[in-house]
Number of protein chains: 2
Amino acid sequence: MNKGISKAVIRRMPRYYRYLGELIENGVERISSNELSEMMQVTASQIRQDLNNFGGFGQQGYGYNVKFLYDEIGRILGLTEIHNVALFGVGNLGHAIANYVSFEKLPFKMIGLFDVDPKKKGIRVSEIPIMMLDEFEEFYKTNRVDIAVLTLPKDAAMPVAERLANLGVRAFWNFAHVDLVMPKGIVVENVHLSESLMQLSYNMTGR
Amino acid sequence: MNKGISKAVIRRMPRYYRYLGELIENGVERISSNELSEMMQVTASQIRQDLNNFGGFGQQGYGYNVKFLYDEIGRILGLTEIHNVALFGVGNLGHAIANYVSFEKLPFKMIGLFDVDPKKKGIRVSEIPIMMLDEFEEFYKTNRVDIAVLTLPKDAAMPVAERLANLGVRAFWNFAHVDLVMPKGIVVENVHLSESLMQLSYNMTGR
DNA sequence: TAGATTGTTAATCGATTAACAATC
DNA sequence: TAGATTGTTAATCGATTAACAATC
């Protein structure tokens with residue numbers, strides 16, 4: 001169990017990671033919390049507090065070594081090993097996410113695509129042929145699946161998630177319009193696009 | 001300007017909306033904050049506090065009328081009028097989002113798709129033919145665009161956003177890996193898929 | 001050494017939860 | 001009226017910011 005590091009802190013880590021990656025591309029070797037705070041529009045204090053949840057990565061009088069900090073955050077975020085990903089529901093969104101995961105320069109590897117529509121069987125997306133959902137149990141015997149992506153209609157999401165969880169899948173990236181209720185120890189990350197769109201809509205009103 | 005209602009509250013409103021919609025489908029007419037709190041796994045106190053940011057929608061001794069509350073939240077979220085949407089960058093993700101926006105039963109209407117690749121010109125996605133980015137200025141003269149969706153490579157996002165903002169587009173749904181820096185009064189809602197995936201990855205470690 | 005900047009403690013601010021009087 | 005449940009104030013909890021001693 002990760003010690004009690006707050007969700008708010010975790011949400012910010014990928015953003016630090018992105019900025020540090022860009023600094024590396026630009027050949028910047030060291031940076032102070034103050035310089036970074038100006039770039040990122042957050043307080044220097046918050047940056048130091050956030051990082052010190054995980055350890056002292058800087059040096060007084062110097063600041064932070066960009067490459068070192070980048071690698072440390074990558075390690076914290078679990079980006080030092082490859083995660084096998086299988087996707088369920090190869091509709092429009094599933095199709096896009098399958099390609100997305102394959103193209104990103106992140107250590108996530110799409111290894112299987114599953115759907116219930118027989119017409120889709122064998123069609124290749126990012127070089128991976130779509131399989132039938134009922135073939136998953138067999139597939140799972142010889143393939144490690146670290147993350148299941150759920151790009152399914154909302155009514156299908158929960159039953160499929162339960163089926164996968166029973167087999168041993170422990171992490172879900174959920175795009176369906178439901179709150180997955182999962183036993184403890186199973187990790188769920190939701191991307192609710194419609195909720196994002198509604199927040200945008202809210203912010204457009206009354207200004 | 002919306003009075004100072006916190007982001008945390010706004011983030012929860014679409015979720016209330018979803019649950020209330022399901023209650024309506026199930027024929028439920030009234031609900032107390034306590035019943036809703038059990039369904040949604042939040043405190044009843046939070047529900048009442050959240051709603052009372054916008055007004056007293058309940059009645060002592062009775063609870064909340066589901067249909068009434070649903071409509072009120074819809075109104076708060078700006079879902080009582082149709083928002084015209086144009087999308088920029090018709091790659092995999094753009095393609096999926098274009099379909100998504102069109103299929104959802106929400107008052108967002110996809111009216112234009114734009115790309116820079118001449119090979120895509122005229123191809124139809126959700127019945128809408130892809131146009132060239134340079135045609136947008138002309139298009140904009142006769143079409144109101146409320147929201148621009150940016151499903152572009154990160155280096156293209158900022159220049160395109162500026163160009164659109166200069167024409168008068170005031171809301172952006174940004175999927176590109178950049179923080180758009182926009183003048184005040186322009187609304188940006190970010191969906192950073194890679195950051196979501198990294199959070200999932202983090203939560204998988206050390207358990 | 002002097003200057004810079006972290007790591008960390010303390011102060012402030014904001015959000016969540018608890019409690020209860022108001023009222024349907 | 002009695003019971004139920006809201007709306008709202010007060011208490012608690014957590015997150016952010018400020019301050020500064022430690023130290024490179």
Side-chain angles (χ1 to χ4, degrees), chain A residues 1-16 19-20 23 28-73 76 179 199 202-203, chain B residues 1-16 19-20 23 28-73 76 179 199 202-203:
Chain A
M1 181 65 189
N2 284 306
K3 30 244 133 42
I5 292 168
S6 81
K7 269 193 170 183
V9 173
I10 303 308
R11 258 200 303 273
R12 288 191 289 267
M13 298 307 285
R15 188 155 177 265
Y16 294 139
Y19 272 83
L20 289 165
L23 286 170
V28 178
E29 275 184 20
R30 51 171 277 202
I31 194 155
S32 70
S33 57
N34 225 288
E35 292 167 298
L36 192 56
S37 88
E38 272 183 33
M39 286 180 54
M40 296 186 64
Q41 302 279 52
V42 295
T43 64
S45 202
Q46 180 163 78
I47 292 173
R48 295 202 300 276
Q49 284 277 21
D50 283 352
L51 297 177
N52 278 93
N53 279 295
F54 302 99
F57 301 128
Q59 198 167 75
Q60 284 98 330
Y62 172 86
Y64 299 88
N65 178 289
V66 174
K67 182 72 174 72
F68 174 75
L69 185 56
Y70 178 81
D71 289 342
E72 284 297 308
I73 294 178
I76 290 163
D179 298 320
Q199 284 170 54
Y202 170 83
N203 287 123
Chain B
M1 180 66 191
N2 285 304
K3 30 241 134 39
I5 293 169
S6 82
K7 269 195 170 183
V9 173
I10 302 309
R11 257 200 304 274
R12 287 191 290 267
M13 298 307 285
R15 188 156 176 264
Y16 295 139
Y19 272 84
L20 290 165
L23 286 170
V28 177
E29 275 184 19
R30 51 171 276 202
I31 194 154
S32 70
S33 57
N34 225 287
E35 293 168 296
L36 192 56
S37 87
E38 273 183 32
M39 286 179 53
M40 296 186 64
Q41 303 277 53
V42 297
T43 64
S45 202
Q46 180 163 79
I47 292 172
R48 295 202 300 278
Q49 284 277 23
D50 282 353
L51 297 178
N52 279 93
N53 278 295
F54 303 99
F57 301 129
Q59 198 167 75
Q60 284 98 329
Y62 172 88
Y64 298 88
N65 178 288
V66 173
K67 182 71 173 73
F68 174 75
L69 185 55
Y70 178 81
D71 288 342
E72 284 297 309
I73 294 179
I76 290 162
D179 299 319
Q199 283 171 54
Y202 170 83
N203 287 124

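For the numbers below, each heavy atom of this structure counts, side chains included, while hydrogens, waters and symmetry mates do not. Lettering of chains follows the sequences in order, A, B, ..., and the numbering in each one begins at 1.
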Any non-hydrogen side-chain atom of A:Phe54 less than 4.5 Å from a side-chain atom of A:Val9? yes
Contact nearer the 5' end of DNA chain D, comparing A:Val42 with A:Gln59: A:Val42
If you assign each of A:Gln60 and B:Glu35 to its closest nucleotide in DNA chain D, which residue comes earlier from the 5' end? B:Glu35
Cut-off 3.5 Å, side chains only: do B:Thr43 and B:Gln46 have a donor facing an acceptor? no
Begin with the C-alpha distance, continue with both residues' side-chain angles, and end with the deciding distance and a verdict on side chain to side chain contact (heavy atoms under 4.5 Å, CB included) for A:Phe57 and A:Ile73. CA-CA 10 Å; A:Phe57 301 128; A:Ile73 294 178; 5.7 Å; no
Any strand, both distances under 3.5 Å, Watson-Crick or G-U wobble: C:dG14 pairs with D:dC13
Which one is paired to D:dT6, where only Watson-Crick or G-U wobble pairs with both distances under 3.5 angstrom count? C:dA21
Can you pull the contact range of chain A along DNA chain C, 5' to 3', using atoms under 4.0 angstrom from its heavy atoms? C:dA4 to C:dA10
Side chain to side chain contact (heavy atoms under 4.5 Å, CB included) between B:Leu69 and B:Ile31, intermediate numbers included: CA-CA 10 Å; B:Leu69 185 55; B:Ile31 194 154; 5.6 Å; no
Working note: A:Ile5 + B:Tyr202, criterion side chain to side chain contact (heavy atoms under 4.5 Å, CB included); need CA distance, chi angles, decisive distance, verdict. CA-CA 11 Å; A:Ile5 292 168; B:Tyr202 170 83; 4.0 Å; yes
The answer to which of A:Ser45 and A:Gly61 contacts DNA chain C further toward the 5' end, by nearest nucleotide, is A:Gly61
Using the rule given for side chain to side chain contact (heavy atoms under 4.5 Å, CB included), can you reason through B:Tyr64 versus B:Leu36, listing the C-alpha separation, both sets of side-chain angles and the distance that settles it, and then say yes or no? CA-CA 10 Å; B:Tyr64 298 88; B:Leu36 192 56; over 6 Å; no
